[in-house]
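Okay, structure first, notes after.
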Amino acid sequence: YEEHRTIIGKAAKTIESEQRTLDQFLRFHGDGFAHTTMAGVEARHIAEFINQASDTKLATRTWRLDQLKSFFAYCFDRRWLVANPCVDVAVRIEGLSQDQLVSTPYASLTDDEIARVLACVPRTDFWHGAVLFADAYGLRIGTIATLEEGNVVARRMRCFTRKGRKVVDE
């Protein structure tokens, strides 16, 4: 599975995160899986892990379920399983606090930090414009650095983000 994740182009940090989730899943069930084959893993095992009583946020629970779905889909595709046990699992929201339900919006840099970066880069420098462009469109600087002339036409920008693997069309 580790080689498969690399072949399909998953980032190293994503692979580490997936591995951590798989390790946590196995640790959570402890010796319960000591004498179980892959086919012995059921939806209830996944649900117990994902919906365990803890202060884990909804977004993290959802991410972990997606990671397990990916792993078990790989196992299913290899015909090691008859079905993906994650398909029947949902992240339960009842019992979660408001703090667990609401995700804090992630901003790569604050407006003040953007201003400090821009103050260090001459206005005529490519990177000054790149920082402004990245901030305005919410893109990573790496995406901006790989833009081509055809990506921006008549004040409209269209590009494919390698990290998020999505098309931005604004």
Side-chain angles (χ1 to χ4, degrees), residues 1-28 46 49-52 54-75 77 84 86-87 89-93 95-170:
Y1 183 61
E2 190 171 323
E3 181 182 343
H4 168 74
R5 293 181 290 191
T6 304
I7 289 170
I8 64 171
K10 289 195 177 186
K13 287 194 181 264
T14 301
I15 292 172
E16 288 174 25
S17 176
E18 285 180 351
Q19 189 61 52
R20 194 170 34 257
T21 296
L22 286 168
D23 291 344
Q24 290 169 346
F25 173 70
L26 292 172
R27 268 195 313 275
F28 176 80
I46 308 291
F49 170 69
I50 295 298
N51 295 310
Q52 64 183 290
S54 71
D55 60 350
T56 305
K57 293 189 175 265
L58 175 63
T60 302
R61 293 169 190 258
T62 303
W63 174 242
R64 287 179 180 163
L65 179 58
D66 288 344
Q67 291 174 324
L68 290 174
K69 276 182 186 174
S70 177
F71 171 72
F72 284 106
Y74 172 82
C75 296
D77 291 344
N84 183 339
C86 297
V87 172
V89 177
V91 179
R92 286 196 319 260
I93 60 170
L96 298 182
S97 68
Q98 282 296 314
D99 184 51
Q100 289 173 289
L101 292 170
V102 178
S103 295
T104 306
Y106 175 77
S108 56
L109 295 174
T110 65
D111 290 343
D112 186 46
E113 290 168 328
I114 294 285
R116 286 191 309 212
V117 168
L118 291 173
C120 297
V121 182
R123 292 178 77 89
T124 56
D125 191 288
F126 165 82
W127 292 108
H128 191 280
V131 169
L132 288 172
F133 206 78
D135 184 44
Y137 285 99
L139 297 171
R140 289 178 167 79
I141 202 74
T143 300
I144 299 301
T146 61
L147 287 176
E148 298 169 1
E149 190 175 330
N151 290 118
V152 181
V153 177
R155 307 185 103 191
R156 185 168 185 84
M157 200 259 313
R158 182 174 166 83
C159 71
F160 179 80
T161 64
R162 285 171 171 65
K163 175 73 177 173
R165 294 179 179 244
K166 64 181 180 182
V167 173
V168 175
D169 189 1
E170 295 186 21

Donor-acceptor contact present, side-chain R61 to main-chain T56, <3.5 Å
yes
Counting N and O atoms only, with roles assigned by atom type, does the side chain of T62 sit under 3.5 Å from a partner on the main chain of L58, one being a donor and the other an acceptor?
yes
Could you measure the distance from the CZ atom of R27 to the CZ atom of F49? Nearest 0.5 Å is fine.
8.5 Å
Report the distance from atom CZ of R5 to atom CD of Q19, rounding to the nearest 0.5 Å.
5.0 Å
Side-chain donor or acceptor of E16 paired with backbone N/O of A11 under 3.5 Å:
no
Between the CG atom in L65 and the CD1 atom in I50, the distance rounded to the nearest 0.5 Å is 5.0 Å
Under 3.5 Å: donor-acceptor pair, side chain of D125, backbone of P122:
no
Quick check against the 3.5 Å criterion: does D135 have a side-chain atom that pairs as donor or acceptor with the backbone of T110?
no
Is any side-chain heavy atom of S70 less than 4.5 Å from a side-chain heavy atom of K10?
yes
Suppose we screen for ring-ring contact (aromatic ring centres under 6.0 Å, His included). Which residues come up paired with Y74, at least two apart in sequence or across chains?
Y1, H4, W80
Any residue meeting side-chain hydrogen bond (donor to acceptor under 3.5 Å, both in side chains) with D99, in chain and number order, not counting sequence neighbours:
K57
Please check: side-chain N/O of D55 versus main-chain N/O of Q100, any donor-acceptor pairing under 3.5 Å?
no
Going from CG on L132 to CD1 on I114, what distance comes out if it is rounded to the nearest 0.5 angstrom?
8.0 Å
